[in-house]
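The following block contains the structure, expressed as structure tokens.
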Amino acid sequence: GHFCDENYHGTGMFIYEDGSVYEGTWFRGARFGHGHYRSAEGWTYEGFYDTSRRHRNGVINWPDGSAYLGEWYYDEIKGKGIFITKLRDVYRGELEAGRFHGQGEMIYADGSRYLGAFKEGKRAGRGIFTEREGNEYYGQFLDDLREGEHVCKLIIATEVAGQDNYEIKIGIFSQGVLVKWKSKSKAHDN
């Protein structure tokens, strides 16, 4: 690659002792600008660097099949992005210290989804959880579980496709378990 004042400067490739490889731009001996890094452990990163740290926007792929595309702050996953877990769940939203934190949406591999607040990687705060079958739960989540009063929209299947009805109930939950139904309303046509 290129040099300036005996430092890597410009574009170039560097092979580290452990077998990791960096290809990209350098500024006075540090990775700076766009680059591609293949680690000896099997993960890859492509994106922006600042003083040899992943910064701004980039994509990382891990050997277990998980991946992240989004914002970085000096080697920390932080900001807005899309995270695909090894279970193939897809999260889109805010992250802090590499975990789901803030407002976001999780689409689970089984077809269910959650839209709302996250804290330290778990559902926490106000949100809407929709099961694969279409039942919806609007309310508070604590430590990844339904907590307190939830408005529940429950699908009532009929024999005619596309003509499902639903009923609205208020359920009281404790640590994800339904304690009791508070009230219910009549079924409505969709």
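Values in this document were obtained by computation on a predicted structure and should not be read as measured data.
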(request) Give a yes or no answer on whether the side chain of E94 reaches the backbone of Q103 with a donor-acceptor pair at less than 3.5 Å. (result)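 Yes: the side chain of E94 pairs with the backbone of Q103.
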(request) Find the distance between OG (S66) and CZ (F83) and round it off to the nearest 0.5 Å. (result)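 The OG atom of S66 sits 5.0 Å away from the CZ atom of F83.
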(message) Measuring centre to centre across the rings, with the benzene-like ring taken for any Trp, is Y37 within less than 6.0 Å of Y49?
(response)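 That pair fails the under 6.0 Å test.
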(request) Check whether Y73 and Y68 end up in the same hydrophobic cluster, where Ile, Leu, Val, Met, Phe, Trp and Tyr are linked by side-chain heavy atoms less than 4.5 Å apart. (result)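 No, separate clusters.
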(message) Treating R113 as the side-chain partner and I107 as the backbone partner, does any N or O pair qualify as donor plus acceptor under 3.5 Å?
(response)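 Such a contact is absent between R113 side chain and I107 backbone.
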(request) Report the residue from R56, R53, R54 that forms a salt bridge (charged side-chain N to carboxylate O under 4.0 Å, His left out) with D75. (result)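 In the set R56, R53, R54, the residue that makes a salt bridge (charged side-chain N to carboxylate O under 4.0 Å, His left out) with D75 is R54.
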(request) Step through it carefully: locate the ring centre of Y74, locate the ring centre of H55, and say whether they are under 6.0 Å apart. (result)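 Yes - the distance between ring centres of Y74 and H55 falls below the 6.0 Å cut-off.
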(message) Nearest 0.5 angstrom please: I172 CD1 to C152 SG, how far?
(response)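 Separation between the atoms: 9.0 Å.
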(request) Apply the salt bridge (charged side-chain N to carboxylate O under 4.0 Å, His left out) test between E149 and each candidate in R126, K169, K182; give the one that qualifies. (result)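 It is K182; the other options fail the test.
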(message) Does any part of the side chain of Y114, heavy atoms only, come nearer than 4.5 Å to the side chain of F100, both counted from C-beta?
(response)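 Contact flag for F100/Y114 side chains = no.
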(message) Closer than 3.5 angstrom, by distance alone: can the side chain of E147 be matched with the main-chain N or O of Q175 as a donor-acceptor pair?
(response)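 Yes; at least one donor-acceptor contact below 3.5 Å.
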(request) Apply side-chain contact (heavy atoms from CB on, under 4.5 Å) to V21 and list each qualifying residue two or more places apart in sequence or on a separate chain. (result)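 Only M13, I15, E23, R38 meet the side-chain contact (heavy atoms from CB on, under 4.5 Å) criterion with V21.
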(message) Check for me, please, whether F141 and Y108 land in the same ILVMFWY cluster - side-chain distances under 4.5 Å, paths through other members count.
(response)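 Looking at the clustering, Y108 is in the same group as F141.
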(request) Would you check if the side chain of R88 reaches a backbone N or O of G65 as a donor-acceptor pair within less than 3.5 Å? (result)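 Yes, the answer is positive, given that a donor and an acceptor are paired below the 3.5 Å cut-off.
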(message) Quick check on the 6.0 Å ring-centre criterion: do F32 and H9 meet it?
(response)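 Aromatic pair excluded; centres sit 6.0 Å or further apart.
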(request) Kindly indicate whether the side chain of I77, heavy atoms from C-beta on, has any atom under 4.5 Å from the side chain of W72. (result)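 A side-chain contact under 4.5 Å exists here.
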(request) For S20 and A40, indicate whether the former's side chain and the latter's backbone hold a donor-acceptor pair under 3.5 Å. (result)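 Yes; at least one donor-acceptor contact below 3.5 Å.
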(request) Determine, using the 4.5 Å side-chain heavy-atom cutoff (strictly less than), whether W43 and F14 are members of one ILVMFWY cluster. (result)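 Yes, one cluster joins them.
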(request) Apply side chain to side chain contact (heavy atoms under 4.5 Å, CB included) to the pair K153 and I168, showing each step before the final yes or no. (result) CA-CA 5 Å; K153 178 182 173 184; I168 305 292; 3.8 Å; yes
(request) Enumerate the residue pairs fulfilling ring pair (Phe, Tyr, Trp, His ring centres under 6.0 Å) with a member in residues 120-140, sequence neighbours excluded, ordered by first and then second residue. (result)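 Matches after skipping sequence neighbours: none remain.
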(message) Test of understanding: clusters of I, L, V, M, F, W, Y form through side-chain heavy atoms closer than 4.5 Å, transitively. Do W62 and I84 belong to the same one?
(response)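 In one cluster with W62: I84, no.
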(request) To the nearest 0.5 angstrom, please state how far the CD1 atom of I82 sits from the CD atom of E105. (result)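 Atom-to-atom, I82:CD1 and E105:CD are 10.5 Å apart.
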(message) With a 4.5 Å cut-off on side-chain heavy-atom distances among I, L, V, M, F, W and Y, is there a chain of contacts connecting I155 to I170?
(response)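 Yes, I155 connects to I170 through the hydrophobic network.
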(message) Donor-acceptor pair, distance only, cut-off 3.5 Å: does the side chain of R123 make one with the backbone of D144?
(response)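 A pair under 3.5 Å: yes.
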(request) Would you indicate whether the side-chain heavy atoms of E120 and E96 approach each other to under 4.5 Å? (result)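 Contact flag for E96/E120 side chains = no.
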(message) Any carboxylate oxygen within less than 4.0 angstrom of a Lys/Arg side-chain nitrogen, looking at K80 and E71?
(response)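 So K80 does not pair with E71 through a salt bridge.
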(message) Under a 3.5 Å distance rule, please check whether H36 uses its side chain to pair with a backbone N or O of Y22 as donor and acceptor.
(response)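 No.
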